[in-house]
Amino acid sequence: MEPTIQVDLKKIDDIIARYHGNKEALLMIMQDISDIYSHVPPAIIPILVDRLGVKKSLIYSVATFYKTISLEPRGKYIVSVCTGTACHVRGAEKITETLQQKLGISEGQTTSDGLFTLKAVRCIGCCASGPVITVNQETYGGLDRTAAEKVIDDYKHSPLNGTA
Amino acid sequence: MAILTNRETLEKFQDTLKSAQSQGKKKLISLCAGSGCGAYGTAKVHQALMEELTRQNLAQDVDVKLTGCHGFCEKGPIMVIHPEGIFYPQVKPEHVSEIVEKTIKNGELVSSRIFKDPATKSKITLEHDIPFYKLQQRVIFGNNGLIDPTSIDDYLAVGGYSAMAKALFDMTPDGIVAEIKKSGLRGRGGGGFPTGIKWDSCRKHHGTRYVICNADEGDPGAYMDRSLLEGNPHSVIEGMIVGAIAIGSHEGYVYVRHEYPLAVTNLTIALDRAREYGLLGKNILGSGFDFDIHISRGGGAFVCGESTALMASLEGNPGRPRAKYVHTVEKGFKDGPSDLNNVETWANVPVIINKGADWYASIGTQHSKGTKIFSLVGKVVNTGLVEVPMGTTLRTIIFDIGGGIPKKKKFKAVQTGGPSGGCIPERFLDLGVDFDELSKVGSIMGSGGMIVMDQDTCMVDVARYFLDFLKEESCGQCNPCREGIKQMLDILTNICQGNGKEGDIEMLEELGAMIQKFSLCGLGTSAPNPVLTTILYFRDEYEAHIRDKKCPAGVCKPLFHYEIDPETCTGCHSCALKCPQEAITGDKKKPHQLDQSKCIKCGICYDTCKFDAIVIR
């Protein structure tokens, strides 16, 4: 069961206003909503229909077409393992394996404490530093197994975790 | 803040900035804050540097600039101290105090931090003497290391926006198009279509015209566009304005990946500054010409690099391509004539306008003019972004600039052109890289991704990797691409798992030919290339997988195992210490044993052994 999310209407309207209510900006609006809630909560979809004057079906079709949008809740920290070609030949698969073991989840899943979501992403453009992972917007390069585990440990024990 | 209302005020302001810089007091520390160096921790180095300068009372005498990508990402974070150009690679916060004390304060070198050339082992002090930089011609990329991308004044000080002024006041739209045609500039995104011809056909169509920058750099392994947008966003903006003047467009878009947050930030800042200065928006420089640029953030779909898909995405729809019976230069974004060029192409435009088409056309080969930025990555010593004249050989790029293959391993192939390209074997290393040469051997130059592969790379796995990528990225509209790629991937996966059978190779070839012929868009028509070129040049590896059930490179787990060669094992025990399964045992200084029943083939022992005693069988 998805936890009920309190939708802050003001925040949603602020985001929409940022793009002048322009329906062409639907994808960006959903990306900004994801920055707040880690995903696009279904409760927000009727609001988008109303404010932007678009069909519900368009919202679902955009949300499911683009990888940056999730309709499911994700963790506080989104750990993305770059699986671009350069990282692949330098052993990205080993990093994925390590992180799956470390977090006890498979790719695409979220840890039960809601802290981490593990996903594979296509090239994030740090190819010379591969293998690379990102945690939210921070990038960590030149990783081996030990270094990748350490990144997770640092987030796990971050003092910020208490403050959701 | 300067408001530049005409050409005179622009030129005066540029002069003021230039003279202020040349009389500049002081040392300048340029610290690379591009994404590559950032991944190695530039932010912490920067913080330590600022603290140290304050502590030593030097903050007033030294300028610190966080610049865009210098290109030598392997050695990040990179620090260059000007005016001398002293190059310190891999700077960590703990190195900062010594650098400040010795180099900044006393003008001495920190010998332990000086760059050591991996090939010759000699120490090289200055940035421009390093082989990685020495052999490059950085026409487009050169300013990256000199300017702070968030400062429009930095860009103006190197003559920024002069090309725009020239286009506005000295040239006619016809003249601009003629100049671009004459320069021979071709699209850097991969297609290689002549830019001048594209502009010309766009402006001949009626309606509201749009100028669009494709910054949806989806090609895995290529990141020059990211680095240009992050490091020198004004050069892209200026190029777009020149294009808009030529085409007669008043509205532009940059379609940039959401996964490139720093590029989005720096571009946003650059656009704001340009508007404030009167270089963008209404009545640019008092010329009466209006043009503004919006940012649209893409959502991580490879297919959106295709022009019609990109425009569908710009309109707020899923990015699905359409058949191009009518080209986008006639009917594109919002059904208006739309000119789409990629980041690097736009960044070439101001250079051509400033230095002239003849100068530009003197660089490169007969049909591919100018320079090209390559992203030299994978199994190569000096990874990073490399800008060289078109026609430079693969060997020069990989071995002279790139320093060859690490750990004395053997070169196997170089993959160019991303998922639409192919793998080029050793015997073609002397090919000059341009739009035409690489296609003769079944690959393409593409947007400039160059992924070097060594003896430990399995070519069947690489082919499988690309198809796995493309299967995910196929938009699913047309059958050949959606179903065909899936079938090819199934066959390849079987081969990699040891379930390949006779006839598989031929079936891959047949399916590949079908997908190439009947897919709707470029993603599909080029999708089989990585498979077909690996079959062409590395058929023996496919056969080893299928017939001998062996993966010679030791990548496909079911098809190999590790053994310890008792002849070469020194019994140093380091593999045993690292083995997570405790599968390796043995007395010190005596050959060790590997228990196959415990081994999970993680490869840690193989990577650890300094004596090559762990062998793939």
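First the proteins, then the strands, lettered A, B, ... as listed; each starts at 1.
Under a 4.0 Å N-O distance rule, the pair B/R226/B/E230 qualifies as a salt bridge. Taking 4.0 Å as the cut-off between side-chain N and carboxylate O, B/D456 and B/K412 do not count as a salt-bridged pair. Salt bridge annotation for A/D14-A/R18: absent, with no cationic side-chain nitrogen under 4.0 angstrom from a carboxylate oxygen. Checked for salt-bridge contact, B/D461 and B/K557 miss the test: no charged N lies under 4.0 Å from a carboxylate O. Of the charged side-chain nitrogens involved, none lies within less than 4.0 Å of a carboxylate oxygen, so that B/E306 and B/R320 do not count as a salt-bridged pair.
When the candidates A/I29, A/I124, A/V121, A/L26 are compared by the number of heavy-atom contacts under 4.5 Å with chain B, A/I124 comes out ahead. When each of B/G316, B/G319, B/G299 is checked for heavy-atom pairs under 4.5 Å with chain A, B/G299 comes out on top. For the set B/M453, B/E259, B/E74, B/M224, the count of heavy-atom pairs under 4.5 angstrom toward chain A peaks at B/E74. Among A/T64, A/T139, A/I133, the residue making the largest number of heavy-atom pairs under 4.5 Å with chain B is A/T139. Options B/Y465, B/F466, B/Y223 differ in how many heavy-atom pairs under 4.5 Å they form with chain A, and the most are formed by B/Y465. Most heavy-atom pairs under 4.5 Å with chain A: of the set B/S296, B/P580, B/G38, B/G384, this distinction falls to B/S296. Of the listed residues (A/D144, A/T83, A/V132, A/L143), the one with the most heavy-atom contacts under 4.5 Å to chain B is A/T83. Listed options A/Q137, A/K23, A/H88 were ranked by heavy-atom pairs under 4.5 angstrom with chain B; first place goes to A/H88. Between chain B and the options A/C127, A/G141, A/G84, heavy-atom pairs under 4.5 Å are most frequent for A/C127. Residue with the most contacts toward chain A among B/H294, B/E217, B/E472, B/K334: B/K334 (heavy-atom pairs, distance under 4.5 Å).
Residue B/Q415 does not touch chain A at all, counting heavy-atom pairs closer than 4.5 Å. In this structure, chain B has a heavy atom under 4.5 Å from the side chain of A/E97, while its backbone stays farther away. For chain A, the nearby part of B/Y260 is the side chain; its heavy atoms alone come within less than 4.5 Å. Only the side chain of B/T457 comes within contact range of chain A, with at least one heavy atom under 4.5 Å from a heavy atom of that chain. For A/I69, no part lies under 4.5 angstrom from a heavy atom of chain B. At a 4.5 Å heavy-atom cutoff, the contact between A/V89 and chain B is made by backbone and side-chain atoms alike. Residue contact with chain A, scored on non-hydrogen atoms closer than 4.5 Å, involves the backbone of B/A222 exclusively. In this structure, chain A has a heavy atom under 4.5 Å from the backbone of B/D219, while its side chain stays farther away. Looking at B/I600, neither its backbone nor its side chain comes within 4.5 Å of chain A, counting heavy atoms on both sides. Neither the backbone nor the side chain of B/L262 comes within less than 4.5 Å of any heavy atom of chain A. Both the backbone and the side chain of B/C602 come within contact range of chain A, each with at least one heavy atom under 4.5 Å from a heavy atom of that chain. Heavy atoms closer than 4.5 Å to chain A are found nowhere in B/V555, neither backbone nor side chain. Looking at B/S313, both its backbone and its side chain come within 4.5 Å of chain A, counting heavy atoms on both sides.
Side-chain contact of A/T134 with A/Y140: a donor-acceptor pair under 3.5 Å is absent, judged by distance alone. Checking B/S443 against B/T416 by side-chain atom types alone, a donor-acceptor pair falls below 3.5 Å. Checked by atom type, the side-chain pair B/E251/B/Y253 shows a donor-acceptor distance below 3.5 Å.
The shortest distance between side-chain heavy atoms of A/K11 and A/I33 does not fall below 4.5 Å. Between A/F116 and A/T110 the shortest side-chain heavy-atom distance does not fall below 4.5 Å. Under the 4.5 Å side-chain criterion, counting only non-hydrogen atoms from C-beta, B/P318 is in contact with A/L58.
In A/Q31, the CD atom is crowded: over 12 heavy atoms of neighbouring residues, nucleotides or ligands sit closer than 6.0 Å.
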Q. What's the verdict on salt bridge (Lys or Arg N to Asp or Glu O under 4.0 Å) for B/K379 and B/D454, showing C-alpha distance, side-chain angles and the deciding distance?
A. CA-CA 6 Å; B/K379 305 284 189 69; B/D454 69 0; 2.9 Å; yes
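Classified by interplanar angle (parallel below 30°, tilted 30° to 60°, perpendicular above 60°), the ring pair B/F72/B/F132 is parallel.
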